[in-house]
Amino acid sequence: MKLLRQKKPLEYLLSDVKEPMLFREQFPYTEVPKILFDGKDVPISPPEEILITDTTFRDGQQARPPYTPKQIADIYTFFHRLGGPNGIIRQSEFFLYSEKDREAVQMCKGLGFKYPEITGWIRANKQDFKLVKEMGLSETGILTSVSDYHIFLKLNKKRSEALSDYLKIVESALEAGIVPRCHLEDITRADFYGLVIPFVQALMELSSQAKIPVKIRACDTMGLGVPYPSATLPRSVPKIIWGLVNEGAVPSSQLEWHGHNDFHKVHINAVTAWLYGATFANSTILGFGERTGNSPLEALVIEYISLTGSQAGIETTVITEIAEYFEKEIGFHIPPTYPFVGLEFNVTKAGIHVDGISKDEEIYNIFDTQRILNRPLKVAITDKSGLSGISYWINSYLKLEGGRRIDKRHPGIIHIQKWIDEEYKEQRITSISDEEMIREARKHLPNLFESDFDLLKKRAYSEAKELIERLVEEEPIRSGDVPGQEKRLGRFIEENPFIQFIYITNLRGVKITKNITHPQDIAKYEGLKEEESFAGRDWFTEPLSDGKTYCSDFYTSKFTKKLCITVSTPIRNTREEIIGILGADIMFEELARLESEG
């Protein structure tokens with residue numbers, strides 16, 4: 001939808017007041033700020049395209065310990081993947097002042113990604129442009145505060161003096177061929193028609209003359225913006241955005257909103273800016289930002305999909321990867337109920353809700369969190385969960401489907417419920433942990449679990465298979481030289497005392513190596529001929545026919561009377577042709593003991 005725009009905006013002149021305009025009727029300071037209404041609405045006028053920009057590495061670092069350059073490069077890579085090939089996350093903003101800042105920029109530039117575009121941020125200082133040019137950036141943000149709180153009380157200047165300084169800096173940027181992005185700091189406490197619009201109109205005139213876009217970032221520095229179209233300026237986000245487009249003549253493609261969350265409106269204000277004409281909404285990952293933070297990038301990604309109805313190449317599961325990175329690599333603990341990424345954001349505790357989920361999870365899940373975020377729906381077990389909650393937890397945790405699912409009336413479920421009731425009778429105040437639930441399920445629903453012996457058997461098979469497969473990749477074994485093979489097998493059996501007997505056959509199934517076993521067992525194998533044929537044995541025929549490693553079932557060795565398994569695998573030459581079969585008889589109890597100890 002194209003924006004509703006006046007054919008020719010009126011020209012507004014700067015009101016160069018002698019005293020600061022502090023809007024005391026709205027901001028009494030000793031009271032909660034007031035929201036006033038004038039009864040005048042502006043129409044929703046969305047731009048032709050909406051996009052997300054990021055300031056995680058600038059504003060986001062002002063709220064937490066700084067990231068290392070590697071962490072910045074890692075997070076920037078996540079943003080590239082999350083925003084997809086269409087660059088829905090279009091730009092990312094960086095500090096340039098310290099050596100570490102510049103190292104991070106170089107690392108990110110070295111990744112070669114088209115999106116997010118890397119931009120800078122500088123003060124309204126000509127010297128800072130050197131940093132932008134040295135880093136090879138084509139765009140930079142420039143601090144241009146527009147409220148009298150900043151101009152009079154902080155900079156100790158008149159409006160005309162401040163705007164004159166700002167315009168000179170913008171002219172310098174344009175002369176250097178750099179796209180300036182003017183950050184209209186504290187716009188929600190600024191004189192909109194007496195200062196903001198005259199300044200913006202002057203900027204658009206400079207842009208027209210230079211034929212270089214001058215971008216505008218409307219900054220709600222104190223989070224005072226409100227999403228109500230009939231609220232009065234300077235707090236109405238709809239009126240600010242609509243006014244910048246229609247009165248300031250700012251193209252939507254050059255307009256961005258940057259908000260803060262001091263009054264819990266950061267996200268809705270960013271979305272409102274989109275709806276009323278700004279192409280760009282600025283954000284930080286997980287909402288990190290000065291004081292109460294900025295609009296969460298992950299929330300804007302989900303909102304983008306909601307508003308446009310298009311995935312647009314966005315890889316939403318990366319949101320979960322980012323959260324895991326912050327927890328594991330950076331050590332930041334995300335609040336458990338934080339939307340989309342918290343440990344419990346899609347965890348249900350109420351028993352009546354779980355009963356609904358057990359019938360159809362869509363009843364109490366916001367969307368398919370498994371598909372969209374790689375986060376399956378979960379339930380937490382408390383004294384309020386009931387039989388439905390317990391059975392759902394077990395079916396979900398053990399991935400039981402169809403006829404294997406456990407009904408809530410199963411006697412084992414009832415026993416677990418009794419145990420939970422007893423826990424809370426003893427004044428327990430925490431949820432039942434996964435470990436506790438597994439323990440009780442093993443006790444009362446043992447048929448759902450593999451026995452300790454079965455698990456041990458699996459681990460032993462895996463260990464033996466891995467050992468033998470590594471061995472056949474070694475050059476002495478692949479060479480086909482029998483003396484060299486025997487020498488290596490002798491060392492191998494010494495290194496792995498749980499191997500009882502090891503051997504190699506040719507493609508006819510004839511054993512071509514001598515009897516290789518432990519010294520105490522040599523006499524037991526005297527009856528085995530060195531050229532014994534094993535052509536009919538499964539451990540020979542199976543790997544020869546399918547080229548895969550074979551593991552036998554348990555058997556008692558006729559030589560040592562011990563419980564054994566046989567593992568065998570093909571030997572291949574340098575052309576990957578099978579030239580023989582290597583087999584090993586493994587004493588299961590010895591291997592299992594080592595596995596359980598290690």
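Each residue takes its place number in the sequence, starting with 1. Computation of the quantities below employed the complete heavy-atom set of this structure, encompassing side-chain atoms and omitting hydrogens, waters and symmetry-equivalent molecules.
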Hey, what do you get for [atom1] ([X]) to [atom2] ([Y]), rounding to the nearest 0.5 Å?
{"X": "Asp54", "Y": "Ile118", "atom1": "CG", "atom2": "CD1", "answer": "11.0 Å"}
{"X": "Ile390", "Y": "Leu445", "atom1": "CD1", "atom2": "CG", "answer": "10.0 Å"}
{"X": "His410", "Y": "Ile416", "atom1": "NE2", "atom2": "CD1", "answer": "9.5 Å"}
{"X": "Gln91", "Y": "Glu93", "atom1": "CD", "atom2": "CD", "answer": "9.0 Å"}
{"X": "Leu297", "Y": "Ile75", "atom1": "CG", "atom2": "CD1", "answer": "11.0 Å"}

- [ ] Applying side chain to side chain contact (heavy atoms under 4.5 Å, CB included) between Glu298 and each of Thr284, Ile285, Ile322, report the one that passes.
- [x]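 Filter result, single survivor: Ile285.
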Open item on the list: Quick one, Glu436 with Ser433, criterion side chain to side chain donor-acceptor pair (under 3.5 Å). Give me CA distance, side-chain angles, the key distance, then yes/no.
Closed with: CA-CA 5 Å; Glu436 289 174 302; Ser433 70; 3.2 Å; yes
Taking [Y]'s backbone N and O only, do any of them form a donor-acceptor pair with [X]'s side chain (distance below 3.5 Å, no angle check)?
{"X": "Asn246", "Y": "Trp242", "answer": "yes"}
{"X": "Asn261", "Y": "Lys265", "answer": "yes"}
{"X": "Tyr424", "Y": "Thr430", "answer": "yes"}
{"X": "Asn365", "Y": "Asp368", "answer": "no"}
{"X": "Thr279", "Y": "Ser252", "answer": "yes"}
{"X": "Asn294", "Y": "Ser283", "answer": "no"}
{"X": "Thr369", "Y": "Arg375", "answer": "yes"}
{"X": "Ser207", "Y": "Leu203", "answer": "no"}
{"X": "Gln254", "Y": "Val214", "answer": "yes"}
{"X": "Lys109", "Y": "Met135", "answer": "yes"}

Task: Residues Phe27, Met222; criterion side-chain contact (heavy atoms from CB on, under 4.5 Å); working and verdict - done: CA-CA 11 Å; Phe27 310 121; Met222 303 306 296; over 6 Å; no
Are any of the side-chain heavy atoms of [X] and [Y] separated by less than 4.5 Å?
{"X": "Phe94", "Y": "Cys108", "answer": "yes"}
{"X": "Ile240", "Y": "Leu233", "answer": "yes"}
{"X": "Leu255", "Y": "Lys215", "answer": "no"}
{"X": "Ile381", "Y": "Ile420", "answer": "yes"}
{"X": "His183", "Y": "Arg181", "answer": "yes"}
{"X": "Phe37", "Y": "Ser236", "answer": "no"}
{"X": "Thr317", "Y": "Ile372", "answer": "no"}
{"X": "Leu195", "Y": "Asp148", "answer": "yes"}

Task: By salt bridge (charged side-chain N to carboxylate O under 4.0 Å, His left out) - contacts of Asp383 (at least two apart) - done: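 Result, salt bridge (charged side-chain N to carboxylate O under 4.0 Å, His left out) vs Asp383: none returned.
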Salt-bridge criterion met for [X] and [Y] (N-O under 4.0 Å):
{"X": "Lys34", "Y": "Glu31", "answer": "yes"}
{"X": "Asp220", "Y": "Arg189", "answer": "no"}
{"X": "Asp407", "Y": "Arg409", "answer": "yes"}
{"X": "Arg81", "Y": "Glu321", "answer": "yes"}
{"X": "Lys100", "Y": "Glu103", "answer": "no"}
{"X": "Lys418", "Y": "Asp421", "answer": "no"}
{"X": "Arg217", "Y": "Glu139", "answer": "no"}

In terms of the angle between their ring planes, are [X] and [Y] parallel, tilted or perpendicular, with boundaries placed at 30° and 60°?
{"X": "Phe326", "Y": "Tyr67", "result": "perpendicular"}
{"X": "His444", "Y": "His415", "result": "parallel"}
{"X": "Trp121", "Y": "Phe95", "result": "perpendicular"}
{"X": "His258", "Y": "His260", "result": "perpendicular"}
{"X": "His80", "Y": "Phe113", "result": "parallel"}

TODO: List the steps, then state whether side chain to side chain donor-acceptor pair (under 3.5 Å) holds for Ser145 with Asp186.
DONE: CA-CA 6 Å; Ser145 301; Asp186 207 23; over 6 Å; no
Task: Minimum heavy-atom distance between Pro376 and Gln370, given as atom pair plus value - done: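 That closest heavy-atom pairing would be CB-OE1, 3.2 Å.
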TODO: Might you point out which heavy atoms bring Pro296 and Val266 nearest each other, and give the distance in Å?
DONE: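 Distance-wise, the nearest heavy atoms are CD-CG1, 4.4 Å.
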- [ ] Check whether NZ of the Lys or CZ of the Arg Arg90 lies under 6.0 Å from the centre of the six-membered ring of Tyr115 and within 45 degrees of that ring's axis.
- [x]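 Yes - Arg90 lies over the ring of Tyr115, closer than 6.0 Å to its centre and within 45° of its axis.
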TODO: For Ile305 and Gln311, run side-chain contact (heavy atoms from CB on, under 4.5 Å): C-alpha distance rounded to whole Å, both residues' side-chain angles, the deciding distance at 0.1 Å, then the answer.
DONE: CA-CA 6 Å; Ile305 297 171; Gln311 195 83 8; 3.8 Å; yes
Task: Summary of side chain to side chain donor-acceptor pair (under 3.5 Å) pairs that have at least one residue in residues 324-335, sequence neighbours excluded - done: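 Every pair satisfying side chain to side chain donor-acceptor pair (under 3.5 Å) with a residue in residues 324-335: Asp74-Tyr325.
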Task: Contacts of type ring pair (Phe, Tyr, Trp, His ring centres under 6.0 Å), residue Tyr338, not counting sequence neighbours - done: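 With sequence neighbours excluded, Tyr338 shows a ring pair (Phe, Tyr, Trp, His ring centres under 6.0 Å) to no residue whatsoever.
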- [ ] Answer yes if the side chains of Ser98 and Asp101 hold a donor-acceptor pair under 3.5 Å, and no otherwise.
- [x]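 Yes.
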Open item on the list: Around atom CZ of Arg371, are there more than 12 heavy atoms from other residues, nucleotides or ligands closer than 6.0 Å?
Closed with: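 It does not: Arg371 CZ has 12 such atoms or fewer within range.
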- [ ] With side-chain contact (heavy atoms from CB on, under 4.5 Å) as the test, would you mind laying out the steps for Leu448 and Ile394 before giving the verdict?
- [x] CA-CA 10 Å; Leu448 297 180; Ile394 289 170; 4.0 Å; yes
TODO: I would like to know whether Ile187 and Cys219 meet side-chain contact (heavy atoms from CB on, under 4.5 Å); could you show each step before the answer?
DONE: CA-CA 6 Å; Ile187 196 171; Cys219 300; 5.5 Å; no
